[in-house]
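Below you'll find the structure, written out as structure tokens, and then a few comments.
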Amino acid sequence: MSPSPPVPHRPSATLSRPEALRLRWEIGIVLALSYGASGVYAVVAIVDRVTRETALSEQTATINRSLNERAGFDLVYQLLGIAFGLAPVALVAYLLWQRSRPHLAGLGLGGRPGSGGGGWIREAGGGLLLAAAIGIPGLGFYVLARAIGINTTVVPTALDAAWWTVPVLVLSALRAALGEELIVVAYLFERLRRLGVGPVATIVSSALLRGSYHLYQGFGGFIGNVVMGLVFGWAYRRWGRSLPLIVAHWVLDIVSFVGYPLAVAWWPALFALAA
């Protein structure tokens, strides 16, 4: 992918004090409705975990769990959670919507002049490469973090097996990919740029936020996701495109949510030895 033309940097001095204050309030409200709140809950969760008698490495963090003991109602609750979980994404799309095409350029989405459909294909391919670059070392780091006792045992899903389980997990992965990459990266980068925050500080802030709401998994989850955030932030700064990040995140979560339970079912002895 070729990098986008540099986005003009608008320093905070060009904003009036009411405009700057309004943007700060907007950022606070968006984060309070999404990953800022998740970060606060995760900080409380890690304090709870480390103050227990059970060692952190012996505790379990479950990502996708059943919401009802009856399969039909469980499916309804899962789908409602996915739908309403995308409301903050719709909010930032509304806030950054532009009258002229591409309407979602502020979120790094929309076609480029002269790119045609090939641009989307190249960006998706870049996302697959990014997923491999993050996922393979990330798996090794997770094993190391558990071995040295700074992370919980992460259970990607505890859903009961049903005809809808895999589709719901794929949709849950898409919700996470859209939410994190469009809010924590694209939206935050655009708003901090308008406030005059430099690119390095923006990338670091976004990465720390990403790490914060993964603290419930342990300190390994925090470190690993901060590193992922730094890489994703650098990629977004360089290319200005969200699709590669969304594809990479979606693939990583599909492998985690769907691939892990399948691997446990197919090779239980291997995972029993690793436990």
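Because the structure is predicted, anything quoted here is derived from the model rather than measured.
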*asked:* Looking at every heavy atom in both S242 and L109, which two are closest together, and how far apart are they?
replied: CB-CD2, 3.9 Å
*Determine, using the 4.5 Å side-chain heavy-atom cutoff (strictly less than), whether I27 and L107 are members of one ILVMFWY cluster.*
yes
*Do W250 and V170 have side chains that get closer than 4.5 Å, going by heavy atoms?*
yes
*Do S212 and L209 come within less than 4.5 Å of each other through their side chains, counting heavy atoms only?*
yes
*Would I183 and V231 show up in the same hydrophobic cluster when neighbours are defined by side-chain heavy atoms closer than 4.5 Å?*
no
*Checking E180 side chain against R210 main chain: does a donor-acceptor pair fall under 3.5 Å?*
no
*Would you please test T202 and R193 for side chain to side chain contact (heavy atoms under 4.5 Å, CB included) and show each step?*
CA-CA 8 Å; T202 299; R193 179 189 66 81; over 6 Å; no
*Can you find a heavy atom in the side chain of N151 that is under 4.5 Å from one in the side chain of L56?*
no
*Which distance, rounded to the nearest 0.5 Å, do you find between the CZ of F257 and the CG of L169?*
7.5 Å
*Report yes if the side chains of I246 and L182 come closer than 4.5 Å at any heavy-atom pair, otherwise no.*
yes
*Between E190 and R194, does a salt bridge (charged side-chain N to carboxylate O under 4.0 Å, His left out) hold up when you go through it step by step?*
CA-CA 6 Å; E190 168 61 20; R194 289 201 62 201; 5.0 Å; no
*Begin from the C-alpha positions of N225 and Y213 and carry the test side chain to side chain contact (heavy atoms under 4.5 Å, CB included) through to its verdict.*
CA-CA 9 Å; N225 278 279; Y213 55 79; over 6 Å; no
*Start with the C-alpha distance between N64 and V168, add both sets of side-chain angles, then the distance that settles side chain to side chain contact (heavy atoms under 4.5 Å, CB included), and finish with yes or no.*
CA-CA 10 Å; N64 297 291; V168 162; over 6 Å; no
*Is any side-chain heavy atom of L75 less than 4.5 Å from a side-chain heavy atom of W163?*
yes
_Under 3.5 Å donor-acceptor, S34 side chain and V30 backbone_ = yes
*asked:* If I compare all heavy atoms of A158 with all of T62, which pair ends up nearest, and what's the gap?
replied: CB-CG2, 3.8 Å
*Say whether M228 and L144 are linked into one hydrophobic cluster, either directly or through other cluster members, by side-chain heavy-atom distances under 4.5 angstrom.*
yes
*Can you find a pair of side-chain heavy atoms, one from I203 and one from F232, that are under 4.5 Å apart?*
no
*Can you label the angle between the Y216 ring and the H214 ring as parallel, tilted or perpendicular, going by 30° and 60°?*
parallel
*Looking at side-chain heavy atoms only, is the closest gap between V247 and E123 below 4.5 Å?*
no
*Which atoms form the tightest heavy-atom contact between G220 and A145, and what is the distance?*
CA-CB, 3.9 Å
*Got more than 12 heavy atoms from elsewhere within 6.0 Å of CD1, I136?*
no
*asked:* With side chain to side chain contact (heavy atoms under 4.5 Å, CB included) as the criterion, how do R49 and F219 come out once you've worked through the C-alpha distance, each side chain's angles and the decisive distance to 0.1 Å?
replied: CA-CA 11 Å; R49 288 185 181 279; F219 298 107; over 6 Å; no
*Hey, is the main chain of A162 close enough, under 3.5 Å, to the side chain of T165 for a donor-acceptor pair?*
yes
Output a table of donor-acceptor pairs, distance under 3.5 Å, between side-chain atoms of residues 78-101 and any protein atom two or more places apart or on a different chain; print 'none' if there are none.
{"residue": "Q78", "atom": "NE2", "partner": "R65", "partner atom": "O", "Å": "3.0"}
{"residue": "Q78", "atom": "NE2", "partner": "D74", "partner atom": "OD1", "Å": "3.1"}

*Is the backbone N or O of G110 less than 3.5 Å from a side-chain atom of R241, with the two atoms forming a donor-acceptor pair by type?*
yes
*asked:* Just so I know, are the side chains of Q217 and Y142 near enough to count as touching, which here means a heavy-atom distance under 4.5 Å?
replied: no
